[in-house]
Amino acid sequence: MTAAPRDRALATDPGRQAEFDATIAADHRIEPRDWMPEGYRKTLIRQIAQHAHSEIIGMQPEGDWLLAAPSLRRKVILLAKVQDEAGHGLYLYSATETLGADRDELTDMLIEGRQKYSSIFNYPTLTYADVGVVGWLVDGAAICNQVPLCRSSYGPYARAMIRICKEESFHQRQGYELLLTMMRGTDEQRAMVQDAVDRWWWPSLMMFGPPDADSPNSAQSMAWGIKRHSNDELRQRFVDMTVPQAEFLGVTLPDPELALDPETGRHRFGAIDWVEFKRVLTGGGPCNAERITRRRATRDGNAWVTEAATAYAEKHA
Ligand code: 3HC
């Protein structure tokens with residue numbers, strides 16, 4: 001990605017660095033027209049682009065249930081959620097463009113494996129209960145991870161997150177309400193919910209990233225105010241938030257070591273399988289190939305729309 005002209009011209013201006021540092025130290029926002037260190041810009045493009053990729057790829061697992069939703073009400077809710085995710089991707093790609101990134105190039109990087117998307121979306125949605133569990137756990141984890149980003153030091157990212165987090169709250173509530181309904185249903189429905197929880201719990205904890213000790217980006221991202229909390233801090237916050245919700249729902253979280261520590265008020269939990277995490281990140285998850293194949297097909301299948309819109313815009317510019 002090429003640096004915006006202003007950055008190249010000012011890349012070595014020490015006065016600007018001091019101004020940037022003072023802005024970050026004062027917890028104020030950096031805006032697109034402000035000078036910024038090239039590393040700050042690149043880190044933002046990396047994180048925001050991968051966040052956007054996650055939103056778009058994340059449409060697939062739930063989208064698979066749009067035609068099989070059990071009622072018109074459930075179909076309408078799910079349709080609204082999947083459409084929201086597309087909008088989240090739009091806001092976030094737009095934020096990367098304020099940093100000089102090119103949306104088509106980012107999509108190519110995703111499809112060619114040169115950029116990532118969240119590991120969580122490489123798992124299949126095997127039953128309808130998965131739709132509820134994805135809303136409850138995956139969007140619940142997203143809320144934990146993304147609310148602090150509303151205070152990210154980069155203005156366009158923070159403002160996009162404010163809008164996104166409002167919609168994530170709806171996503172999480174609709175999932176939990178769906179599960180409450182199923183848990184008040186038949187034994188078979190309750191078993192379906194428990195099976196989905198068993199499959200999605202540990203991958204949801206992996207959404208927060210590797211342990212802090214193995215997180216090469218966290219320290220710098222936190223120093224720049226891009227991230228506000230570490231991976232482990234937010235993971236712990238999610239576990240503490242989710243345990244009482246699971247109890248109220250009547251499901252068991254699949255971790256025999258999960259226990260409240262009365263001294264700290266936090267929950268201890270078992271070891272996460274980081275070997276599985278690394279396997280999924282390097283393409284070995286259950287759905288990696290399917291997700292990218294479908295993303296490539298939509299990019300290539302819709303190319304004519306982009307070409308037509310571009311031609312029209314150029315003709316009528
Ligand atoms: N899946 C895929 N890659 C992951 C990952 C995950 N769950 N967790 C970490 N990684 C990658 C990082 O991207 C980084 O690789 P890179 O340098 O090539 O980008 C590497 O593993 C090391 O991780 P770090 O902790 O050093 O990286 P970060 O400081 O970027 O932290 C993060 C990772 C916590 C995901 C952070 O990037 C972040 O908070 N991103 C914004 C939120 C986001 O992207 N959430 C993804 C889910 S979107 C979603 O939930 C949609 C909702 O509608 C359901």
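Order of listing sets the numbers, starting from 1, for every ligand and every atom in it.
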To the nearest 0.5 angstrom, please state how far the CG atom of L149 sits from the CG atom of L234.
8.0 Å

Assign the ring pair Y40 / Y154 to parallel, tilted or perpendicular, where the plane angle (0 to 90°) is split at 30° and 60°.
perpendicular

Any carboxylate oxygen within less than 4.0 angstrom of a Lys/Arg side-chain nitrogen, looking at D261 and R266?
no

Between the protein and ligand 1, are there any N or O atom pairs that come within less than 3.5 Å of each other, and if so, what are their names and distances?
{"unit_1": "ligand 1", "atom_1": "1 (N)", "unit_2": "S119", "atom_2": "N", "d": "2.8"}
{"unit_1": "ligand 1", "atom_1": "1 (N)", "unit_2": "S119", "atom_2": "OG", "d": "3.4"}
{"unit_1": "ligand 1", "atom_1": "7 (N)", "unit_2": "S119", "atom_2": "OG", "d": "3.0"}
{"unit_1": "ligand 1", "atom_1": "7 (N)", "unit_2": "M206", "atom_2": "O", "d": "3.2"}
{"unit_1": "ligand 1", "atom_1": "13 (O)", "unit_2": "Q50", "atom_2": "NE2", "d": "3.1"}
{"unit_1": "ligand 1", "atom_1": "15 (O)", "unit_2": "K116", "atom_2": "NZ", "d": "3.3"}
{"unit_1": "ligand 1", "atom_1": "17 (O)", "unit_2": "N217", "atom_2": "ND2", "d": "3.1"}
{"unit_1": "ligand 1", "atom_1": "18 (O)", "unit_2": "K116", "atom_2": "NZ", "d": "2.5"}
{"unit_1": "ligand 1", "atom_1": "19 (O)", "unit_2": "R46", "atom_2": "NH1", "d": "2.9"}
{"unit_1": "ligand 1", "atom_1": "19 (O)", "unit_2": "Q50", "atom_2": "NE2", "d": "2.9"}
{"unit_1": "ligand 1", "atom_1": "25 (O)", "unit_2": "S215", "atom_2": "OG", "d": "2.8"}
{"unit_1": "ligand 1", "atom_1": "25 (O)", "unit_2": "N231", "atom_2": "ND2", "d": "2.9"}
{"unit_1": "ligand 1", "atom_1": "26 (O)", "unit_2": "S215", "atom_2": "OG", "d": "3.0"}
{"unit_1": "ligand 1", "atom_1": "26 (O)", "unit_2": "P216", "atom_2": "N", "d": "3.3"}
{"unit_1": "ligand 1", "atom_1": "26 (O)", "unit_2": "N217", "atom_2": "N", "d": "3.0"}
{"unit_1": "ligand 1", "atom_1": "26 (O)", "unit_2": "N217", "atom_2": "ND2", "d": "3.0"}
{"unit_1": "ligand 1", "atom_1": "27 (O)", "unit_2": "N217", "atom_2": "ND2", "d": "3.3"}
{"unit_1": "ligand 1", "atom_1": "29 (O)", "unit_2": "K227", "atom_2": "NZ", "d": "2.8"}
{"unit_1": "ligand 1", "atom_1": "30 (O)", "unit_2": "R46", "atom_2": "NH1", "d": "2.9"}
{"unit_1": "ligand 1", "atom_1": "30 (O)", "unit_2": "R46", "atom_2": "NH2", "d": "3.2"}
{"unit_1": "ligand 1", "atom_1": "31 (O)", "unit_2": "K227", "atom_2": "NZ", "d": "3.1"}
{"unit_1": "ligand 1", "atom_1": "39 (O)", "unit_2": "N145", "atom_2": "ND2", "d": "3.1"}
{"unit_1": "ligand 1", "atom_1": "53 (O)", "unit_2": "E55", "atom_2": "OE1", "d": "3.2"}
{"unit_1": "ligand 1", "atom_1": "53 (O)", "unit_2": "E85", "atom_2": "OE1", "d": "2.8"}
{"unit_1": "ligand 1", "atom_1": "53 (O)", "unit_2": "E85", "atom_2": "OE2", "d": "3.2"}
{"unit_1": "ligand 1", "atom_1": "53 (O)", "unit_2": "E168", "atom_2": "OE2", "d": "3.0"}

Taking only residues two or more places apart in sequence, or in another chain, which ones meet F277 in a ring pair (Phe, Tyr, Trp, His ring centres under 6.0 Å)?
W274

Residues D139, R173: salt bridge by 4.0 Å N-O rule
no

For R29 and C150, which heavy atoms make the closest approach, and how far apart are they?
NH2-O, 2.9 Å

